[in-house]
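Notes to accompany the following structure.
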Number of protein chains: 2
Amino acid sequence: MNLKQLAHMLALSQTTVSRALNGYPEVNEETRRRVMDAAKRHGYRPNPSARRLATGKSGMIGYVLPTGAAVDIDPHFVEFLSGLGDYARSHDLDLVLSPADADDQETTYRRIAANRQVDAIYISSPRPADRRVALVNTLGIPFIVHGRSEGSGFDYPYLDIDNEGAFHEASRLLVQLGHRRLALINGDDRETFAIHRERGVRRALAASGLRLENRHVCSVVMTEENGYRAARRLLEQDGAPTAIACSSLIMALGVVRAVRDLGLSIPGDVSLIAHDDVFPWLKPENFSVPLSTTRSSIRLAGARIAERLAARISGLEEGARGEVWPVDLVVRGSVAGAPV
Amino acid sequence: MNLKQLAHMLALSQTTVSRALNGYPEVNEETRRRVMDAAKRHGYRPNPSARRLATGKSGMIGYVLPTGAAVDIDPHFVEFLSGLGDYARSHDLDLVLSPADADDQETTYRRIAANRQVDAIYISSPRPADRRVALVNTLGIPFIVHGRSEGSGFDYPYLDIDNEGAFHEASRLLVQLGHRRLALINGDDRETFAIHRERGVRRALAASGLRLENRHVCSVVMTEENGYRAARRLLEQDGAPTAIACSSLIMALGVVRAVRDLGLSIPGDVSLIAHDDVFPWLKPENFSVPLSTTRSSIRLAGARIAERLAARISGLEEGARGEVWPVDLVVRGSVAGAPV
DNA sequence: AGAGTCTTCCAAAGCGCTTTGGCTTTGCTG
DNA sequence: CAGCAAAGCCAAAGCGCTTTGGAAGACTCT
C-alpha cells in the first residue's frame with residue numbers, strides 16, 4: 001500500500017493525502033480525518049527510503065563504532081545504549097552503528113554526513129582536542145558529545161558528568177579520614193574523563209598540602225585484571241598508599257582481589273572508593289565489603305543524550321550548550337580512617 | 001556530486017556510468033576505467049537513499065533491541081557486537097538497532113520488514129517456540145538466529161554453540177573426580193541455552209546413576225549478585241553440593257565471593273566450572289583460583305553471523321542451515337577431587 | 001456586481017539512483 | 001556483400017515520497 005494507491009482509493013491527490021498525513025494546515029479537517037482513517041485502516045506506512053530521498057531526513061541517530069581485532073567495545077556502552085534506546089523507542093528513532101576501522105574513523109564520519117544517512121550523531125569517549133569533534137562540527141550535522149574534549153578552541157554541545165568534582169570529593173573525604181598517601185587507578189589517560197578525575201584528586205590533595213605521587217597513579221584499560229595488577233603494584237611498594245580511588249567497578253573487583261591476596265583488608269589496611277556507572281549486573285553494595293562510590297547513571301545519560309539529539313534534529317535545541325551533571329558520593333563500608 | 005553531474009562531466013549517460021560503477025558487463029573496460037577514475041577523483045559516492053529507493057536494498061543489518069526501564073541489555077551483547085561490527089566494517093554494512101518495547105517486539109519486526117529498512121535481521125536469545133523466529137520467518141526477510149528455538153515446527157537458519165555438550169563434558173569431568181552432588185547455577189531458564197545446559201548436566205549425571213536435584217538448580221538473571229545469592233543458598237543447605245557448574249563468569253564472581261564468605265575454599269570444598277564467553281575485561285585465568293571454563297568466543301560468533309547474513313543477502317546462502325559450534329573445556333585450578 | 005482573499009485541492013516537478021528496451025557501431029560469417 | 005550477432009552506449013521509465021506553483025470555488029468587502 002503506497003501513497004498513490006491510498007490517494008486513488010480516496011479519490012484525492014497524493015499531495016492532499018501527504019499533507020493530511022503530515023499535519024499541514026491547508027487541508028480540511030474533515031478530509032484529514034477521512035485520510036487518517038483510511039491510512040490506519042489499510043495499515044499505510046510511508047516508505048522511509050522514499051521519504052528520506054525526498055526530505056533528506058532519516059529518523060536515525062548515528063554512532064561510529066570503532067572496531068578491530070584489538071579494539072574492545074567498552075561494556076559501559078550497553079548501559080548507555082539501554083538509556084538511549086529507551087528514549088529513542090518512544091520517539092520512533094532508530095540507531096545506526098557504523099563500524100569503522102579504529103584508526104580511521106574520519107572516513108566513516110564523512111561518509112555518514114555526506115550521505116545524510118542519519119539526522120544526528122553522538123560521539124563518545126572524547127579526548128582533548130578530539131579530531132572527531134572538530135570534524136563533525138564542520139560537517140554541519142547535529143551532534144552531541146558524551147563527555148568533553150578540552151582545548152579544541154571552539155564550543156560544541158555536550159553532556160558530561162562532573163568527574164573532577166566527583167574525584168575531588170572522594171579524595172577530600174579520604175584526606176579528612178587521615179589518609180596521606182592516596183593512589184589513583186585510572187582509565188586510559190588520553191581520555192578526558194580520566195584527566196578530569198586525576199585533576200580532582202590532585203586538587204583535593206593539594207588543598208591539604210599533599211600531592212599525588214606519580215608512582216601512585218596508574219592509567220590502564222579498565223579490566224578486572226588491570227585493576228588487580230595495578231593494586232598489587234601499588235600495595236607492594238614501600239610507602240604504599242592507604243587509600244585508593246578507582247575509576248571503575250570492574251577494576252575495583254581486581255583491587256579487592258589483590259588486597260586479599262596480599263593478606264590485607266578493606267578498609268582496615270586500605271580504603272577504597274570507585275566510580276560506579278550503575279550497572280544492573282554489578283553493584284557496589286554487594287561487594288564483600290560494601291564499596292563506597294561516586295555514582296552516576298550512564299543509562300540516564302544515554303536517555304538524556306537521545307532526548308537532546310531529538311531536540312536538535314527538530315530544531316528545538318541549538319548552539320553549543322554544555323551540560324554537566326553532578327555526581328553522588330555514596331559512602332559505604334570500604335572507607336575508614338587511615339591505619340595508624 | 002551526483003550521478004548526473006558525473007555523467008555529464010564524462011560526456012556519458014547516467015546509465016553507462018551507473019553500470020560501469022556497479023560492475024555490469026556491457027561496458028567497455030577502458031570506459032569503465034575512465035569512470036572509476038573520475039568517480040574516485042571527485043569523491044563520488046552514490047546516495048544511499050536513492051539507491052535504496054531504486055533497488056530496495058539498504059546495506060544494513062537490523063536488530064530489534066528490547067528496551068524498557070526494567071530491561072537490561074545483556075553485557076554479552078557488546079562482545080557480540082564487536083565481532084559483528086568487525087565483519088560488517090569490511091563489507092560496508094551498517095547495523096540498525098531498532099528499539100522496541102520489550103513486550104511488543106512484533107510491531108517493530110513487522111515495521112522494519114515492511115519498510116525494507118534492512119536487508120537482514122539477526123535475532124538473539126531465542127526461547128523454545130520463539131514467536132519472533134516464526135514471525136520473521138513468514139516475513140520473508142533474510143535472518144539468522146543466534147542460538148536455537150526448539151519446538152517451532154519448522155527449520156530456520158541459526159548459529160549456536162553446543163551448550164548441552166559443553167555442560168555435559170564439564171559435569172562428566174566433575175563426576176569422574178568423585179563428585180556426587182552437583183549444582184547448576186543457570187541463566188534464565190526460559191531461554192534455550194539454559195535449557196540445553198541443564199540437559200547436559202542431567203545427562204552426565206544420569207550416565208553415572210546420579211541425578212540433579214531440583215534444589216541444586218538455580219535459574220536467575222546472570223549478575224554477580226545473583227551468583228552470590230544462589231551459591232550461598234546452595235552451600236548452606238544440608239547435603240550441599242561439592243561442585244558447581246555456572247552459566248557465566250559474572251555469576252562466578254559472586255560464587256567465589258560466597259564461597260569465601262562462608263569460610264570455604266575452591267577447590268578444596270567446592271569445585272567450580274563456569275561458562276566463559278571470552279570477555280576481554282574479565283578473564284577466568286585471573287580469578288584468585290584460576291577458573292575452569294567451558295569456553296566459546298561470543299565475538300567470533302558475532303563475526304560469523306555477520307558473514308552468514310551477508311551471504312544470505314547476496315543470495316550465496318540459502319535454506320535453513322543450522323550451525324553448531326563445539327565448546328572447549330578448559331581445566332584450571334578451580335576443580336579438584338571431591339572432598340572426602 | 002466586481003475585485004480581492006481565503007480555503008482547499010491538484011498536477012507535476014523533483015530527490016538520485018537503477019534498469020528496461022532499443023539503437024548504433026563493429027566484426028565476423030557464408 | 002548481405003546478414004547477423006555481439007559490444008557498447010543511451011533515453012526514459014520507474015522507485016514512493018514531498019513540495020512548488022497554481023487553479024477552482026467560496027467568501028468577504030466596497
Side-chain angles (χ1 to χ4, degrees), chain A residues 1-36 38-39 42-60 92 111-119 313-315, chain B residues 1-36 38-39 42-60 92 111-119 313-315:
Chain A
M1 167 69 51
N2 58 20
L3 225 211
K4 195 169 177 180
Q5 294 169 25
L6 187 64
H8 183 253
M9 184 158 285
L10 286 160
L12 286 171
S13 74
Q14 295 189 37
T15 311
T16 305
V17 176
S18 170
R19 287 186 157 147
L21 259 21
N22 293 324
Y24 281 67
E26 58 267 76
V27 48
N28 193 328
E29 271 314 316
E30 140 104 50
T31 310
R32 188 194 302 281
R33 200 176 342 275
R34 264 180 61 218
V35 172
M36 293 282 216
H42 294 82
Y44 168 74
R45 283 196 148 282
N47 177 317
S49 304
R51 165 176 267 168
R52 178 173 328 174
L53 181 58
T55 62
K57 297 266 171 200
S58 67
M60 295 180 160
D92 275 324
R111 190 195 84 209
I112 63 182
N115 290 345
R116 308 213 141 282
Q117 249 180 47
V118 297
D119 296 340
I313 290 173
S314 55
Chain B
M1 167 68 51
N2 58 22
L3 225 210
K4 196 169 176 181
Q5 293 169 26
L6 187 64
H8 183 253
M9 181 160 288
L10 286 160
L12 285 171
S13 75
Q14 294 190 37
T15 310
T16 305
V17 176
S18 170
R19 285 186 159 147
L21 257 23
N22 294 323
Y24 281 67
E26 57 268 77
V27 48
N28 193 326
E29 271 315 317
E30 141 102 49
T31 309
R32 188 193 304 281
R33 202 177 341 273
R34 265 180 62 220
V35 173
M36 293 283 217
H42 294 83
Y44 168 74
R45 284 196 147 281
N47 178 316
S49 304
R51 164 175 267 167
R52 179 173 327 174
L53 181 57
T55 62
K57 296 266 171 198
S58 66
M60 295 181 158
D92 277 323
R111 189 194 85 208
I112 63 180
N115 289 345
R116 309 212 142 281
Q117 249 181 43
V118 297
D119 296 340
I313 290 172
S314 55

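Just so it is clear, the model here is predicted, and its values are computed rather than measured. The chains referred to below are lettered A, B, ... by the order of the sequence lines, with proteins before strands, and numbering in each begins at 1.
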Practice task
Identify which nucleotide among dG16(C), dC9(C), dC9(D) has an atom closest to any side-chain atom of Arg19(A), counting heavy atoms from C-beta outward.
Solution key: dC9(C)

Practice task
Return yes if the base of dT19(D) and the side-chain atoms of Thr15(A) contain a donor-acceptor N/O pair under 3.5 Å, otherwise no.
Solution key: yes

Exercise for the section: Starting from P on dA24(D), measure out to CD on Glu26(A) and report it in whole angstrom. Expected result: 19 Å

Practice task
Compare the minimum distances between each of dT18(D), dA11(C), dT18(C) and the side chain of Ser13(A), then state the nucleotide with the smallest one.
Solution key: dA11(C)

Fill in the blank from the handout: note: Gln5(B), atom CD; dC17(C), atom P; distance rounded to Å ~ 9 Å

Practice task
Could you check if a side-chain atom of His8(B) sits within less than 4.5 angstrom of a side-chain atom of Lys4(B), using non-hydrogen atoms only?
Solution key: no

Exercise for the section: Using atom CD of Glu29(A) as one end and atom C1' of dC9(C) as the other, report the distance to the nearest whole Å. Expected result: 15 Å

Practice task
Among dC15(C), dC10(C), dC17(D), find the nucleotide with the atom closest to the side chain of Leu53(A).
Solution key: dC15(C)

Exercise for the section: Indicate yes or no: at least one non-hydrogen side-chain atom of Leu3(B) is less than 4.5 angstrom from one of Val17(B). Expected result: yes

Practice task
Taking Arg116(B) for its side chain and Ser58(B) for its backbone only, find out whether a donor-acceptor pair lies under 3.5 Å.
Solution key: no

Handout entry: Residue pair Ile313(B) / Lys57(B), side-chain heavy-atom distance below 4.5 Å
Key = yes

Handout entry: Comparing Thr31(B) and Thr55(B) on DNA chain D - which has the more 5′ nearest nucleotide
Key = Thr31(B)

Exercise for the section: Rounded to the nearest angstrom, tell me the gap between atom OH in Tyr24(A) and atom C1' in dC10(C). Expected result: 16 Å

Completion exercise
Note: for Gln14(B) and Tyr44(A) on DNA chain D, the residue whose nearest nucleotide lies more 5' is Gln14(B)

Problem - Arg52(B) CZ - dT18(C) C1' separation (whole Å) - result: 15 Å

Exercise for the section: Flag the pair Glu30(A) and Arg33(A) as a salt bridge only when some basic side-chain nitrogen lies within less than 4.0 angstrom of an acidic carboxylate oxygen. Expected result: no

Fill in the blank from the handout: Against the side chain of Leu3(A), the closest entry in dT18(D), dC9(D), dC10(C) is dT18(D)

Exercise for the section: Let me know the distance between CG of Leu21(B) and C1' of dT19(C), rounded to the nearest Å. Expected result: 15 Å

Problem - Asn28(A) CG to dC10(C) P, straight-line distance once rounded to whole Å - result: 12 Å

Practice task
Please report, rounded to the nearest Å, how far the C1' atom of dG8(D) is from the CZ atom of Arg33(B).
Solution key: 16 Å

Exercise for the section: Would you indicate which nucleotide in dG16(D), dC9(C), dC15(D) comes nearest to any side-chain atom of Ala54(B)? Expected result: dC15(D)

